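To keep things clear, I will list the structure first and then write my remarks on it.
Bear in mind the structure is a predicted one, so any value in this text is a computation, not a measurement. Letters A, B, ... are given to chains in the order of the sequence lines, protein chains preceding strands, and every chain is numbered from 1.
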Amino acid sequence: MGFSPASPRVNFPELEERILGFWAEQDVFRKTLEARQGCPQFTFYEGPPTANGLPGVHHVLARAYKDAIPRYRTMRGYFVPRKAGWDTHGLPVEIEVEKELGINSKREIEAYGVAEFNRRCKESVFRYEREWVRLSERIGFWLDYERPYVTYSNEYIESVWWILRQLWDRGLLYQGYKVVPYCPRCGTPLSSHEVALGYRETDDPSVIVRLRLTEQPGTSLLVWTTTPWTLPANVACAVHPQVAYVKARQGDEVLVVAKDLADAVLQGSYEVLEEVRGESLVGLKYEPLFRFYPEGDRLWRVWAAEFVTTEEGTGVVHMAPAYGEEDMELARRHGLPVFHPVGPDGRYTEEVPPWAGRFVKDADPEIVEDLRQRGLLYRAGTYRHTYPFCWRCDSPLLYYARTSWHVAVTRCKEQLLRANEQIRWVPEHIQRGRFGNWLENVVDWALSRERYWGTPLPIWVCEACGLQHCVGSLAELREMAAEPLPQPLDLHRPYVDGVRLRCPRCGGILRRVPDLIDVWFDSGAMPVAQWHYPFENQEWFERSFPADYICEGIDQTRGWFYSLHAISVLLFDRPAYRNCVCLELVLDEHGEKMSKSRGNVLDPWSLIQRFGADALRWFFFSVSPPGMPKRLGPAAVEEVVRRFFLTLWNTYVFFTTYASLDRFDPLRWPAPTVNERPALDRWLLSRLAGLVAEATEAMEAYNPTDAARAVERFVEDLSTWYVRRGRRRYWKARDVQDQRSAYHTLYEALVTTAKVMAPLAPFLSEELYQGLVRAVDDGAPVSVHLTDWPQAREQDRDVELERAMEEARWVASLGRAARSRARIRVRQPLASAVVVAPQSLLHRYPELVEYVSEELNCKRVELVGQDSARVEYEVRPRFDVLGPRYGPKVQELAAALDRLSPAEARRVALEGRAVVELAGEQVELGPEELDVRVRQREGFVAEAGRGFVVVLDTRITPELRREGLVRELVHHVQQARREAELRVDQRIVLSVAGPAEVVEAVREHRAAVAEEVLADRVELARELEGFRREVSILGEPVTLVLQPLP
RNA sequence: GGGCCCUUAGCUCAGGUGGUCAGAGCGCGGUCCUGAUAAGACCGAGGUCCGUGGUUCGAGUCCACGAGGGCCCA
């Protein structure tokens, strides 16, 4: 047992592969769950991916975030079961299979055979499952992949049926003839959240046509549309009753448009004949544009409607009830017929002979041309706007009347909003912003899909009496079945279509409606259906609902976040999750969205293989908060490795190197109490306690970004100040007590850092833990992920010491700047430096001044509160104190203080009080109200800033010069030791040959040189055999020979 | 057309409740330090804090309007 020196050459991807092996061999994930059996549960829901495509880098982002919080919670003592899940139904899958089969329509699927088609769908959904699991495991996303929930299983479907039955029983599931967004290629309606996925900018025709008034020859209403294909289905037009319209003469005709739009519409000159209110137009009859339908008295008249606006178009709106929600509403109210001359494939039917069989959008130009020839076209152009396209197949959607099934979500809108209040959103603005707005505008969920691969809608209808029945379980299905159910039972189409039920009312036969349900309902049902609730696992379900934590891309506000929420509120009137983290997009290096068409998609594997999964994870956590977009490229990940991982690693190498030489044993070496430790150690322990507190707070707030950044800052301090300053306290230390303190402090800092990093960088933290803890303690938990999250030791916090150390570091920085200005290298010792600091905490911490002295290589650093010889004073008001008190006059105070002569300023600075005249009155200002700054006077090598001045004594005496030479020489010898690849503790004999001054200096400091470079002897007279090196010391050639001793 | 978010150095990002000198990292040029360091320190170049107006003694920070970008809705 004991530490082994870690190698400074580290290959993180390789290290991670080794850790993966270790986890597998030790079954660590299972152990972390077992260790927390019986503890309070923390529930995470995995949003099921569709595994029919390869995972990309954005999935690594999501999975890293999904992983971090459960790991953290496990360390905090919670039991965090994590079930994987796969979304297996729906159009995405069907379209993949259609592509494979080279077909493109429902007709072709039916010809191919639904049974075989669905078999292929089922087969295809797990095509990339192995890739998903492989990537997930490689990045350390711990999830139970052995027992996932799968949405196509009979059990899952049965639970979904149970949910639908609950809704049915409460009258929340209904059938309606409604205008729905409809994909003509897929032949099915889409839900609003699916529509939301497909908006795109496009050019559509923009036409204005004449509706000739029957009883006023020569007068026409003008109507505007971007969908000429809906004109054959026109049954009416609408005006706003309150809006002003004009009858305008233009050429030899009279045109009716809204007054506010007249200029925009009637682009030439015109003459207003009359101005009327919309209501006076109501009832006018016009000539139909087409004669495809028989005349009727109510047809082709003007109606009043409040929804008409004067923001666009003409103020007169064409009504085609089959193709617009408001149109349908108007038709229903006034008993107008619905003309629907378009088939489910988006082509005209025989009702419109000229274009029968044509896809409606393709017929647009011909319809326009036809109207032009008949003199009905007023104007035609194109109109650029955003329009929805099918999110999966990219066809333009049609708004289209269909008989379809809906969930009456709008009836529960208040509950939806109330439940949303109970969710913590990250970022916060989603709650009232994107998600809240969405709920405010919620519409009924268009549930049914006229497709093949999905959860069948469990509604059966009696052929004889029309009874509709919703089946809520397999038992019920079996019981009601007219014939024995087929074995084995597959609840998918076409098998379920063949199941006929006996009518409980009339004894007739019920057949299932052909529809499936929206695939988003599947995933939204997972809190219930993953457990096959209520048919099994009641206690599991109850324990695991609602989720404490979910996390997905922000696009899911309309997707999974919504479907989970809606189903949960409909069923239980509760939110499905308490904390929800929304992730923004992963962009490429140039800030462009990654897409296949741009060819800028980054393969996660290339990054993982180069830099490791932890580096990629860490990049995602630290670069920006979850709700901000992330620019990702190899350079950014490499920087994480260089800036953070390697810095930490090198500190670890430093520790293990010397701890192993010194046989440091953290369990047996007595640890000094914190108060017994020097300021440097107390400072680090204070920083460490602060780190733990900060990281804990951040992780509690679902904010890994702040946690990661806090760790980075700590590691930076640890490496560039703590170890840098304390280096000589370890190996070969003279003061045993100090050495113990140093080892214990550094050890604790590293171990705690490893634990705090564990949820974010599970591999590197494991490696550190193994090398630091398991290496010396058999009794410790096998893995860092089995340890408890560290407690912040508040008693170690010393905010004042931390601030004082900041000052010390600042003074060191000024001192280095002064040396640099004086062109005196740091290796050249100087006799003294004076630090002028009127209001510094350092006066209370002489130890810290000592660190400055070492850092600056000045034998003596004198800290003084005042020094009129070398500095000048500047006095300003404390604006934060005096501003509120004096208001505008604070500027006069500032001016008055600015006018003080150098002598007066000095007096004020030393006395700490000033008397100035303000508007004829004497005002006295005390120390709390003054901001005293010092600046250097000319003629000294000094640097100033933030209330400090550092003045160097730049005189180099012959003694100092010789010491400098020796330091120079030692440096070169150490360099040579390294080049000769000597063991760190290899002893040598050294010979030095060179100019007399160098030789003299070495002679004078022979013992010190010998000790520094581990030489048993230092030869000055004769040259040895061994590793020989020519160096230059202050421009003079010097020959060093190192002879290793046996 | 509406909602939300963003805009700070060449790049990536920090900048509680306004307080008067705007910071870090990377990159660039130079100097230095180092037997843990592939690190690090110092100096230098590099900023209209997106713009305009307002509130205020004081605005990167608050308000209004606008511009650009992103996401979402209609």
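- What separates CZ of A:Arg724 from C1' of B:rC32 is a distance of 10 Å, to the nearest Å.
- Ring geometry, A:Trp649 versus A:Tyr652: the interplanar angle falls from 30° to 60°, so the pair is classed tilted.
- Within the nucleic acid shown, A:Arg816 comes within 4.0 Å of sugar-phosphate atoms alone, with no base atom in reach, counting heavy atoms only.
- One finds a salt bridge joining A:Glu855 and A:Arg816 here, because a Lys/Arg side-chain nitrogen approaches an Asp/Glu carboxylate oxygen to under 4.0 Å.
- Among the protein residues, A:Pro427 comes within range of no part of the nucleic acid, since none of its heavy atoms lies under 4.0 Å from any strand.
- Distance, A:Arg827 CZ to B:rC32 C1': 8 Å, rounded to whole Å.
- A side-chain donor-acceptor contact under 3.5 Å links A:Asp662 and A:Gln739.
- Residue A:Arg967 is in sugar-phosphate contact alone, with no base atom involved, counting any heavy-atom pair closer than 4.0 Å across all strands shown.
- One can place OH of A:Tyr652 at 18 Å from P of B:rA38, the figure rounded to the nearest angstrom.
- Mapping A:Asn650 and A:Asn441 onto RNA chain B via the closest heavy atom, the residue that lands nearer the 5' end is A:Asn650.
- Taking the side chain of A:Leu646 as heavy atoms from C-beta on, and the options B:rA38, B:rC71, B:rC57, the nearest nucleotide is B:rA38.
- Between the CG atom of A:Leu632 and the P atom of B:rC26 there is a distance of 19 Å, rounded to whole Å.
- The side chain of A:Glu584 lies closest to B:rC71 when the candidates are B:rG40, B:rC71, B:rU37.
- Between A:Phe645 and A:Trp618, the ring-plane angle classifies as perpendicular under the 30° and 60° cut-offs.
- The partner of B:rA45, taking Watson-Crick or G-U wobble pairs whose two distances both stay under 3.5 Å, does not exist in any strand shown.
- One finds a salt bridge joining A:Arg809 and A:Asp717 here, because a Lys/Arg side-chain nitrogen approaches an Asp/Glu carboxylate oxygen to under 4.0 Å.
- Listed candidates were B:rA38, B:rC42, B:rC4. Nearest to the side chain of A:Ser813 is B:rC42.
- Of the side-chain N and O atoms in A:Arg434, none sit less than 4.0 angstrom from OP1 or OP2 of B:rC5.
- In this structure, A:Arg642 atom CZ and B:rU12 atom C1' are separated by 14 Å, rounded to whole Å.
- In summary, A:Arg876 and A:Glu929 do not engage in a salt bridge, as defined by a charged side-chain N under 4.0 Å from a carboxylate O.
- Residue contacts for A:Arg823: at a heavy-atom cut-off of 4.0 Å it reaches no nucleic acid atom on any strand shown.
- Nucleic acid contact for A:Thr657: none, since no nucleic acid atom lies under 4.0 Å from a heavy atom of the residue.
- Pairing of B:rA39, defined by two Watson-Crick or G-U wobble distances under 3.5 Å, is not identified with any nucleotide.
- Counting non-hydrogen atoms under 4.0 angstrom, A:Val881 reaches nothing in the nucleic acid.
- Between A:Tyr730 and A:Tyr743, the ring planes are perpendicular. Angles over 60° get that label, and only those under 30° would be called parallel.
- Counting non-hydrogen atoms under 4.0 angstrom, A:Arg876 reaches the backbone sugars and phosphates but no base.
- Across all strands shown, the partner of B:rG25 is B:rC11, judged by Watson-Crick or G-U wobble contacts whose two distances both fall under 3.5 Å.
- One atom, CZ of A:Phe619, and another, C1' of B:rC11, lie 12 Å apart when rounded to the nearest Å.
- A:Ala636 comes within contact range of no nucleotide atom at all, as no heavy-atom separation falls under 4.0 Å.
- Of the two residues contacting RNA chain B, namely A:Arg809 and A:Glu639, the nearest-nucleotide position lying further toward the 5' end is that of A:Glu639.
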Margin query: Using the rule given for side chain to side chain donor-acceptor pair (under 3.5 Å), can you reason through A:Trp224 versus A:Ser206, listing the C-alpha separation, both sets of side-chain angles and the distance that settles it, and then say yes or no?
Written below: CA-CA 7 Å; A:Trp224 175 66; A:Ser206 166; 2.8 Å; yes

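- Heavy atoms of A:Thr656 sit nowhere under 4.0 angstrom from any nucleic acid atom.
- A:Asp662 has its CG atom 14 Å from the C1' atom of B:rA36, to the nearest Å.
- Residue A:Tyr658 is classed as a sugar-phosphate contact, given heavy-atom separations below 4.0 Å to backbone atoms only.
- In this structure, B:rG68 forms a base pair with B:rC6, meeting either the Watson-Crick or the G-U wobble geometry with both donor-acceptor distances under 3.5 Å.
- Which of B:rG25, B:rG19, B:rG27 sits closest to the side chain of A:Arg643 comes down to B:rG25.
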Note to self: Under the criterion salt bridge (charged side-chain N to carboxylate O under 4.0 Å, His left out), I'd like the reasoning laid out for A:Glu584 against A:Lys630: C-alpha separation, chi angles, the key distance, then a yes or no.
What the structure shows: CA-CA 7 Å; A:Glu584 254 293 352; A:Lys630 284 149 187 59; over 6 Å; no

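- Contact check, A:Arg727 against B:rA36: a side-chain N or O comes under 4.0 Å of OP1 or OP2.
- Nucleotide B:rC57 holds its C1' atom 14 Å from the CG atom of A:Asp880, rounded to whole Å.
- Nucleic acid contact class of A:Val653 (heavy atoms, under 4.0 Å, all strands): sugar-phosphate only.
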Identify the pairs formed between an N or O of the protein and an N or O of nucleotides 14-16 of chain B at a distance under 3.5 Å, and give each distance.
unit_1, atom_1, unit_2, atom_2, d
B:rA14, O5', A:Arg709, NH1, 3.4

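- Here the side chain of A:Ala817 is nearest to one of B:rG19, B:rC43, B:rU37, namely B:rC43.
- Residue contacts for A:Leu982: at a heavy-atom cut-off of 4.0 Å it reaches a base atom on one of the strands shown.
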Polar atoms only, N or O, under 3.5 Å: list the protein pairs with nucleotides 61-66 of chain B and their distances.
none

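- Look at A:Arg878 and A:Asp931 and you find no salt bridge, because none of the NZ, NE, NH1 or NH2 atoms lies under 4.0 Å from a carboxylate O.
- Minimum atom distance to the side chain of A:Arg978 is reached by B:rU37, of the listed B:rU37, B:rC57, B:rC33.
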